[in-house]
Novice: 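The structure follows.
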Amino acid sequence: MSNLKVRTRFAPSPTGYMHIGNLRTALFTYLIAKKNNGDFILRIEDTDQERFVDGATEVIYQTLRDCGLNWDEGPDIGGPVGPYVQSERMGIFKQYAEELVQKGEAYYCFCDKERLDEARKIQQASGMTPAYDRHCRNLSKEEIAQKLAAGTPYVIRQRVPETGTTTFHDELYGDISVENAVLDDQILLKTDGMPTYNFANVVDDHLMGITHVVRGNEYLSSAPKYNLLYQSFGWEVPIYIHVEHIMRDATHKLSKRDGDAYFGDFVKKGYLIPAILNYIALLGWAPKGEQEIFSLEELINEFDISGLAKSPAIFDEVKLRAINGEYIRKMPLEQFTEIATPYIKQTVSRTDVDYSVISACLQNRTEMLTDIPEQVDFIDALPEYDTALYCHKKMKTNEENSLDSLKAVLPVLEALDNWTAEGIHEALFALIAELEVKNGLILWPVRVAVSGKQFTPGGGIEICEIIGKDESIARIKKGIELLTK
RNA sequence: GGCCCGUUGGUCAAGGGGUUAAGACGGCGCCCUUUCACGGCGCAAUCAUGGGUUCAAUUCCCGUACGGGUCACCA
């Protein structure tokens with residue numbers, strides 16, 4: 001590779017929210033730059049005025065920032081090769097398109113849409129591959145001058161060679177060759193003076209000194225035409241890296257329809273941003289070793305294009321959940337308490353409880369923050385429950401001996417002043433020793449009585465601590481009452 | 001349909017002419033344990049297919065099937 005500084009670019013068009021696949025492309029693009037101490041550039045491709053969505057640019061900025069994919073040059077911060085918004089570069093494209101016309105590598109085309117549509121229909125009807133019929137390819141100088149003078153709308157088209165083959169190189173796929181005969185004389189400059197993506201990306205990538213072009217696989221089949229363009233200009237072709245799509249299942253791409261194709265959807269669902277980033281990095285890319293939890297910093301070190309896959313990857317939310325759970329578990333308790341508290345408050349309105357203690361119980365049992373409310377819904381008030389909950393085979397408990405246990409526990413807890421986990425633990429285990437019974441025979445009924453649930457975050461002792469002495473005793477009395485009949 | 005690309009367990013995937021074909025998630029089982037989790041241990045499960053080449057193909061070549069991409073004055 002050359003000794004030039006690596007420069008990569010993420011070039012989204014502001015047409016809506018940030019698709020998760022798009023974000024992954026941005027991630028890979030960023031990683032390739034940073035891995036090589038290079039620059040990551042943000043360019044906004046807004047040449048389609050009809051599809052432009054208000055506010056979409058802000059979403060792009062915000063998403064990239066939230067993910068820590070900070071750009072070195074871009075519309076908002078400028079840079080040496082700006083502007084970084086394509087619509088602000090109009091004049092540049094026209095100038096380069098005309099240069100190609102001068103060189104005979106492109107030509108003016110005055111065909112209107114109706115003629116094109118009709119021609120396409122005929123081609124399709126006769127089973128031909130639709131392509132421009134090159135009606136204007138060989139117009140005389142006079143004809144062109146005349147139409148231009150008359151103000152006839154025109155586009156500028158690429159003059160693709162009629163014979164031979166074009167080969168381009170992709171870092172992943174190797175050399176790919178196609179017959180020039182199957183290439184269309186694509187439009188470079190539109191009637192409105194805007195460049196097409198096909199033209200703009202070539203001109204801008206060159207002008208901005210982009211060394212590695214990372215983009216979705218859908219551009220693989222137009223890459224030969226871009227190569228031809230580079231050749232026409234006499235420019236050096238960048239290194240291409242085409243990445244495969246993220247799929248919903250074997251035959252469908254992850255799309256807006258699924259309702260979970262956008263980055264924002266996952267954040268809303270309670271996934272942690274570093275976990276999302278970590279997971280999508282693993283889709284279509286495999287690290288060298290066996291580690292799979294990576295911070296952005298670690299990804300920069302670990303990343304290598306040789307680990308990129310050539311086949312599509314199916315998005316697996318179950319795995320995302322698992323990774324999210326890992327991030328939650330390794331978080332310092334203080335931080336977890338902070339992010340968990342709003343979720344706890346969804347079902348807990350008591351103010352005399354310690355959120356930090358609740359969070360400590362919750363942390364190992366939470367894969368997604370949205371799992372939390374349901375787990376703590378017994379804290380405010382004891383739910384209605386069936387006394388069958390007292391029966392547990394392994395604990396050897398049933399309704400009768402649970403009643404005995406609760407009756408034994410009640411005075412012990414009533415007499416207890418040190419209402420902490422340690423204090424309760426000490427008191428109950430002293431009772432267990434005194435009665436010479438198994439732990440479960442006492443502890444299981446306590447847990448059921450104070451929670452009314454089959455599964456709880458933490459055991460009976462922790463729950464007693466959380467809900468407090470008065471409430472614990474009231475619930476145990478309630479248990480005794482329910483079991484007495 | 002033409003052209004281009006791809007295909008290793010349910011999913012993400014490593015590997016690559018001779019391997020017991022990694023690992024992770026999920027599943028199942030066991031252990032730990034006052035429930036559930038966490039943690040630990042273990043089990044089941046994969047080279048799409050047919051031909052070559054070769055002493056030897058999951059790996060290389062060709063075909064087939066299947067899947068994806070593309071064929072716009074969208075990007």
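Residue numbers begin at 1 in each chain, while the letters A, B, ... track the order of the sequences. It should be emphasised that the depicted structure is a prediction, and the values quoted were computed from it without experimental measurement.
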Novice: What contact category does A/Asp184 fall into here, base, sugar-phosphate, or nothing, at under 4.0 angstrom with non-hydrogen atoms?
Specialist: nothing
Novice: Ignoring hydrogens and angles, does a donor from either the side chain of A/Lys394 or the base of B/U34 sit under 3.5 Å from an acceptor on the other?
Specialist: no
Novice: Is A/Lys469 atom NZ crowded by more than 12 heavy atoms from other residues, nucleotides or ligands, each under 6.0 Å away?
Specialist: yes
Novice: Please determine whether a side-chain nitrogen or oxygen atom of A/Arg329 lies at a distance below 4.0 Å from atom OP1 or OP2 of B/G39.
Specialist: yes
Novice: Between A/Lys310 and B/G68, is there a side-chain N or O to OP1/OP2 distance below 4.0 Å?
Specialist: no
Novice: Base, sugar-phosphate, or nothing for A/Met194, non-hydrogen atoms under 4.0 angstrom?
Specialist: nothing
Novice: Think A/Lys190 has a side-chain N or O under 4.0 angstrom from the OP1 or OP2 of B/A75?
Specialist: yes
Novice: Could a donor-acceptor pair under 3.5 angstrom be found where the side chain of A/Thr191 meets the base of B/C73?
Specialist: yes
Novice: Taking the six-membered ring of A/Tyr108, is the NZ or CZ of A/Arg157 close enough (under 6.0 Å from the centre) and on axis enough (within 45°)?
Specialist: no
Novice: Using a cut-off of 4.0 Å on non-hydrogen atoms, how would the nucleic acid contact of A/Tyr219 be classed: base, sugar-phosphate, or nothing?
Specialist: base
Novice: Give a yes/no answer on whether the side chain of A/Asn439 brings an N or O atom under 4.0 Å of OP1 or OP2 in B/U34.
Specialist: yes
Novice: Could you check whether A/Asn198 gets within reach of a base, just the sugar-phosphate, or nothing at all, counting any heavy atom under 4.0 Å?
Specialist: base
Novice: Determine which nucleotide pairs with B/C43, using a 3.5 Å limit on both distances of a Watson-Crick or G-U wobble pair.
Specialist: B/G27
Novice: Looking at every strand, decide which applies to A/Glu45 at a 4.0 Å heavy-atom threshold: base, sugar-phosphate, or nothing.
Specialist: sugar-phosphate
Novice: Look at all strands and tell whether A/Cys111 reaches a base, only sugar-phosphate, or nothing, counting heavy atoms closer than 4.0 Å.
Specialist: base
Novice: Is the NZ or CZ atom of A/Arg134 both under 6.0 Å from the centre of the six-membered ring of A/Tyr132 and within 45° of that ring's axis?
Specialist: no
Novice: Rounding to an integer number of angstrom, what distance separates B/U11 and B/A45 when you compare their P atoms?
Specialist: 16 Å
Novice: On a whole-Å scale, what distance lies between the C1' atoms belonging to B/A48 and B/C66?
Specialist: 8 Å
Novice: Measure from NZ or CZ of A/Lys330 to the centre of the six-membered ring of A/Tyr327, then state whether that distance is under 6.0 Å and the direction lies within 45° of the axis.
Specialist: yes
Novice: Please work out if A/Lys288 contacts a base, only the sugar-phosphate, or nothing of the nucleic acid, heavy-atom cut-off 4.0 Å.
Specialist: nothing
Novice: Looking only at side-chain N and O atoms, does A/Arg365 come under 4.0 Å of OP1 or OP2 in B/C38?
Specialist: no
Novice: Has A/Thr47 got a side-chain N or O lying under 4.0 Å from the OP1 or OP2 atom of B/A75?
Specialist: yes
Novice: Can you confirm whether or not the ring centre of A/Phe303 sits under 6.0 Å from the ring centre of A/Phe28?
Specialist: yes
Novice: Rounding to the closest angstrom, what is the interatomic distance between B/G40 and B/C4 at atom C1'?
Specialist: 49 Å
Novice: I want to confirm an ordering. Mapping A/Ser221 and A/Pro12 to their closest nucleotides on RNA chain B, which one lands closer to the 5' end?
Specialist: A/Ser221
Novice: Determine, using ring centers only, whether A/Phe266 and A/Phe315 are less than 6.0 Å apart.
Specialist: yes
Novice: Contact class for A/Gly460 vs. all strands (heavy atom < 4.0 Å): base, sugar-phosphate, or nothing?
Specialist: base
